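Within every chain, numbering begins at 1; the chains are lettered A, B, ... in the order of the sequence lines, protein sequences first and strands thereafter. The figures that follow rest on heavy atoms only: side chains count, while hydrogens, waters and symmetry mates do not. What you are looking at is a predicted structure, and each value in this text was computed from that prediction instead of being measured.
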Protein chains: 2
Amino acid sequence: MNISDAAQASGLPPKTIRYYEDIDLVKPDRGANGYRDFSDVDVHNLTFLARSRALGFSIDDCRKLLALYQDKSRASGEVKKVAEGHLAEIEAKIADLTAMRDALAHLVHCCHGDDRPECPILEGLGTRRAGQM
Amino acid sequence: MNISDAAQASGLPPKTIRYYEDIDLVKPDRGANGYRDFSDVDVHNLTFLARSRALGFSIDDCRKLLALYQDKSRASGEVKKVAEGHLAEIEAKIADLTAMRDALAHLVHCCHGDDRPECPILEGLGTRRAGQM
DNA sequence: ATAGGGCTTCCAGTCACTGGAAGGTCAAGA
DNA sequence: TCTTGACCTTCCAGTGACTGGAAGCCCTAT
């Protein structure tokens, strides 16, 4: 299977697949013409990677997860540890963004947004307060 | 004022302040010895930048906001437009992360996480389903 | 005089791609 | 058979917003 078919099947762009080969996440065969030749297993692994990335796992985590995926004698506790760590990061990011959103929404709410120069948003940015930041 | 004092006062690391000068966000004077010499206005602008960044505005947005901040005849509508655009981005990011969290939390919840190899997390990543992704 | 800390510049690295250039390969149609 | 256009290849550079580190100048205190 050529790269564009593998891309189609996995949902990853060809560029990304080449990059993943570059960093040794996948190792497709090569045809006599030098073209990459993806097996079903390769495509399956790419799909696994696509989904892991879609859940926000770092490439490093993906590497670990893929190794665990291929190790039929893994301990599921290992997997859960990686996933829980990532889950905590996501929760933290959501908390950060929510605080940002609240502060910003407050500023936006206070600004009438017309042709006059008075602007609580700029005042808030220039003089503290307006939430905790 | 030397750079480390400006850093102290603004809350930005010296490296970041140099970077901001590099990309023309601030233009501190120079002393005879070549050292940067930050005026109160410079420090004030750096503080403005630190707060804008803390609210997640991109450097590009910060540049616009800083220009509006310095333009005493701006229309507050301009500012509000930038802020609302950014607010929408934050909301979108929160929505993405929340969907990720829910899908991942579901997988984590299903995994007993012990020494056995059976792992719903890996199965979920390998075979679709498990939320929508 | 020297030791230390702070200042300067410049280069490289981060993360995970992404765009683009230059060139080889393949299948279909004239 | 030739050509066209869509593939494929590699390699290099750029993204955003810093950050680390090296090499070297400057200032103050002892």
Discussion item. Salt bridge or not between A/D61 and A/K64? Use side-chain N to carboxylate O under 4.0 Å.
Written reply: yes

Item to complete: Considering only heavy atoms of chain A and a distance under 4.0 Å, specify the first and last nucleotide of DNA chain C in 5' to 3' order that meet this criterion.
Response: C/dA16 to C/dC26

Worksheet item: How close do A/D42 and A/D37 get, heavy atom to heavy atom, and via which atoms?
Response: OD2-O, 4.0 Å

Discussion item. Does anything in residues 57-65 of chain B come within less than 4.0 Å of DNA chain D? Heavy atoms only, and list the residues if so.
Written reply: B/S58, B/I59

Worksheet item: Do the side chain of B/T16 and the main chain of B/L12 share a donor and acceptor less than 3.5 angstrom apart?
Response: no

Worksheet item: Does atom CD of A/Q8 have more than 12 heavy-atom neighbours, drawn from other residues, nucleotides or ligands, at distances under 6.0 Å?
Response: no

Worksheet entry | Closest heavy-atom pair and its distance - A/L125, B/R51 | O-NH1, 3.2 Å

Worksheet item: To 10°, what angle do the rotation axes through the five end pairs on each side of the helix from C/dA1-D/dT30 to C/dA30-D/dT1 form?
Response: 30°

Worksheet entry | Charged N-O contact under 4.0 Å between A/E84 and A/K81 | no

Discussion item. Hydrogens and angles aside, do B/S4 and B/N2 bring a side-chain donor and acceptor to less than 3.5 Å of each other?
Written reply: no

Worksheet item: Rounded to whole angstrom units, what separation is found between the OH atom of B/Y35 and the C1' atom of D/dC26?
Response: 4 Å

Worksheet item: Mapping A/A32 and B/D37 onto DNA chain C by nearest heavy atom, which one lands closer to the 5' end?
Response: B/D37

Worksheet entry | Expected output: side-chain A/H86 to main-chain A/L55 donor-acceptor under 3.5 Å | yes

Worksheet item: Considering the options B/R36, B/K15, B/K27, which one meets the salt bridge (charged side-chain N to carboxylate O under 4.0 Å, His left out) requirement together with B/E21?
Response: B/R36

Worksheet item: Any chance the side chains of B/S58 and B/D60 put a donor and an acceptor closer than 3.5 Å?
Response: no

Fill in: Expected output: side-chain A/R63 to main-chain A/A67 donor-acceptor under 3.5 Å
no

Practice prompt. Check each residue of residues 9-26 of chain A for a non-hydrogen atom within less than 4.0 Å of any atom in DNA chain D, then write out the ones that pass by number, or none.
Written response: A/K15, A/R18

Contacts table for residues 113-120 of chain A: side-chain donor-acceptor under 3.5 angstrom, sequence neighbours left out:
unit_1: A/D114; atom_1: OD1; unit_2: A/H112; atom_2: ND1; d: 3.3
unit_1: A/D114; atom_1: OD1; unit_2: A/R116; atom_2: N; d: 2.9
unit_1: A/D114; atom_1: OD1; unit_2: B/S76; atom_2: OG; d: 3.3
unit_1: A/D114; atom_1: OD2; unit_2: A/R116; atom_2: NE; d: 2.9
unit_1: A/D114; atom_1: OD2; unit_2: A/R116; atom_2: NH2; d: 2.6

Worksheet item: Among all residues two or more places apart in sequence or in another chain, which pass the ring pair (Phe, Tyr, Trp, His ring centres under 6.0 Å) test with A/F48?
Response: A/Y69

Practice prompt. Would you kindly give the CZ-to-P distance between A/R30 and D/dC8, to the nearest whole Å?
Written response: 12 Å

